[in-house]
Protein chains: 2
Amino acid sequence: MAQPAAMPVGAAGVAVRQASLREHNLALVLRHIATAAAPPSRADLAGITGLTRATVSALVDDLITGRLLGEVVRTPRSGAGRPALGLTLAGHGPAGLGLEINVDYLAAVLVDLAGVVRHRAVRRIDLRPVPPAEALALVAELITEAGAEADRQDLVLAGTALAVPGLVSATGVVRLAPNLGWRDVDVPALLGGHPALRGRGLSVDNEANLAALGELHAAPPGPANFIYISGEVGIGAGIVLHGTLFRGARGWSGELGHVPVHPEGRPCRCGGLGCLEQYAGQEAMLAGAGLTDEPTPLAGLIEAAGRGEPAARRALVEAATALGVAIAGVINLLDVDTVVLGGVYAPLAGWLAPPVEAEIRRRVLTAAWSPVTVRPALLGGDAAAVGAAGSVVRTVLEQPAQWLARPVH
Amino acid sequence: MAQPAAMPVGAAGVAVRQASLREHNLALVLRHIATAAAPPSRADLAGITGLTRATVSALVDDLITGRLLGEVVRTPRSGAGRPALGLTLAGHGPAGLGLEINVDYLAAVLVDLAGVVRHRAVRRIDLRPVPPAEALALVAELITEAGAEADRQDLVLAGTALAVPGLVSATGVVRLAPNLGWRDVDVPALLGGHPALRGRGLSVDNEANLAALGELHAAPPGPANFIYISGEVGIGAGIVLHGTLFRGARGWSGELGHVPVHPEGRPCRCGGLGCLEQYAGQEAMLAGAGLTDEPTPLAGLIEAAGRGEPAARRALVEAATALGVAIAGVINLLDVDTVVLGGVYAPLAGWLAPPVEAEIRRRVLTAAWSPVTVRPALLGGDAAAVGAAGSVVRTVLEQPAQWLARPVH
DNA sequence: TCGATTTGTTTATCGGTTGAATTATTTGGC
DNA sequence: GCCAAATAATTCAACCGATAAACAAATCGA
């Protein structure tokens, strides 16, 4: 279940018939409406896509009757002629439910087709001592609540995705979530039968991957190429290449935390030596700043850095330098043009970004003529939940024909 | 020109009309014939693709009249019924010309649709003291020769690709080829007008990228995910994900040689510190083994390692360990399942692979349940030239409609 | 109020695929 | 040696989606 929305319509290996043609063009029209700055008219779409106005009309009619689109009057009219009706994504149609389980909180968000967050719930709770089944029972409560909220707002639940800080197999089994203490937890089996899910299944994915998707949603449309770095207790990375999430050959990509930065350096929990996590992980930063005993150590670190505390500043530079070394390796290999600092790195980006950029300049061969941007994440703490919900919405937008033809319950 | 054959037919963003439908299905049928173990019949193809026999027949007819396919009788017949005619890629149709400029040789190969090398030429020459224009004049001779050979064998030149050990821009300009001493050489401008190219243009690409494509061709068909490591004077990498070459956001991917392995280690020509190239590059290996003064140092290294010379063995283990550290980082990030040792690493793979594998086992989180294979390259010295020719052939196979509709000279 | 203009729909046509019927070519049984 | 069964490939009417051009609808400006 960790592979939603990968193949475009008409992808290699599949025979194409007239029906596929329709599917593709439905998706094409819908995508243009979704990414347009202002609600386009049928005529606009015909101009942009190269399809005839007649064809666009037919496609739009299907999408309107399927409750994916709505019509609006465009108030400031320009020039003569019959006024155009603007087309927008329906605010009362399908919505995606995004869930997140993390070390110290649970989150649920409902996102509609337009990407608007229609419902948001967060439970702060330390989940480390909680066994998986109990944690999932708490998630089930969030699902029930979100399902009721969807009904109240006239939204139809199109699907659900769950973000977990760990390695997730293609079938949704959490193979390993070290910081939660989970191992081989079959989440879809335990939670997929929840009545509020309407039998639409539950996809489970890595937290960094889904946060990267959230970032992709939040960023202006275009062929994005970036690496989203999720600094939590561990360090994960979501890699977006050519506007799509890259999951690796077998779904295990993005383990940035265990990229070696000092091959003979500090031993890591994973059995390796000198993994990035040991130098730039949350614990390493706090230890370096001498803040391990604080009640809210992260807030303490931000405050200390703001005060100019030398130990804090030094710890951040050290962490950022290690991060920069690893990222330089990534860029030499993948040539992404943007590095997004997420998770705990986001509020620290002001101090982390300069040393990271310095390492990139030093170590990336092509940096001289292909600049790399380092910036904090656009979304906040529940980025992964928003990204999870967005991933559901994205499948609807990318495969509208499937949604229109869905079995109605 | 460094981006051939990226978009599948019906890719996102393009309106689809009936003609695109045909294009897609032509490619679909052709691909199945190309990857089949034995020549399939029209009926076989109908069964595999899901298209009707009528449709397949129509498509095949187009491909046969366009000289892309041929019919053969399948000798061992099974059971009753009208015997099926096998379909194979034409051996007299389009062919790709692959060229390679490297530090100490030039190479040219002609590859037909079936992937058979129909012509091969190599000139051993030290190109370091030769200015770019003269080197390209030598290449022009190879092109003339190959063009004549194509005519003699009733092959139609479909296109030409050139492999260069350096960074190539999207327009084919060699931005930097340190070991050749080239900088900003506009190869298509200097060579693209050659009459034997038949006005079909010349694409230029990095040597490691094209060698990886060659490896992809040589390997059994399937969704390949590997990193091809090209150890020459520098260290390049061609990354194949889901069966397609990944070139990075802007075409500068694969600079494995400058991934940091010892952040505060030896200074590198690139200005960085502790780049892989300084530990696992050809020069580092030879220096470590004390063989820099030999006339044929590489052969000397292989021989010394075979003899069990301690210095040579030690140098290889050191190089392989550094390589393994960098590769472990790559796998943690990209989760490729195979590492192909190419270039000078290929003949040394017997000694290099075990330490590389050891580092992977130590440092890759998922290695325990997702094994990684390390193996020598299947192709020999002219892998990049074969891959270059193959990349041309691949564009024809992936976009047969374009080939059929080509302007005939 | 009327012409100009632009939007959106209608209608005949075209192109490509489908499915059933037809033709073609072999094997195997009698 | 002939005929039925079996399998391959082609033919042809029908269908479906896109197209192009004509047409209807709605507004602006003179």
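Residue numbering restarts at 1 for every chain, and letters A, B, ... go by the order of the sequence lines.
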Rounded distance in Å - CD (Glu23(A)) to P (dC16(D)):
15 Å
Is a salt bridge present between Asp112(A) and Arg67(A), judged by a nitrogen-to-oxygen distance below 4.0 Å?
no
Is there a side-chain contact between Leu85(A) and Val72(A), using heavy atoms and a 4.5 Å cut-off?
no
Between P of dA8(D) and CG of Leu87(B), the distance in whole Å
12 Å
Asn25(B) side-chain N/O to dG16(C) phosphate OP1/OP2 under 4.0 Å:
no
Is a donor on one side and an acceptor on the other found under 3.5 Å between the side chain of Asp44(B) and the backbone of Ser41(B)?
yes
Provide, to the nearest angstrom, the distance between the CZ atom belonging to Arg22(A) and the C1' atom belonging to dC15(D).
14 Å
Does the Arg406(A) side chain pair with the main chain of Trp403(A), one donor and one acceptor, at a distance under 3.5 Å?
yes
Interatomic distance where CG belongs to Leu26(A) and P belongs to dG17(D) [whole Å]
10 Å
Between atom CG in Asp62(B) and atom P in dG15(C), what is the gap in whole Å?
14 Å
Would you call Asp151(A) and Arg198(A) a salt bridge, using N to O less than 4.0 angstrom?
yes
If I take atom CG in residue Leu45(A) and atom P in nucleotide dA18(D), what distance separates them, rounded to the nearest angstrom?
14 Å
Nucleic acid footprint by protein, nucleotides 2-14 of chain C - heavy-atom cut-off 4.0 Å, B for base, S for sugar-phosphate alone:
---BBBBBB----
Are side-chain heavy atoms of Glu215(A) and Val240(A) found at a separation under 4.5 Å?
no
Please state how far atom CG in Leu28(B) lies from atom C1' in dG16(C), giving the value in whole angstrom units.
15 Å
Is the shortest side-chain N/O distance from Thr55(A) to OP1 or OP2 of dA18(D) below 4.0 Å?
no
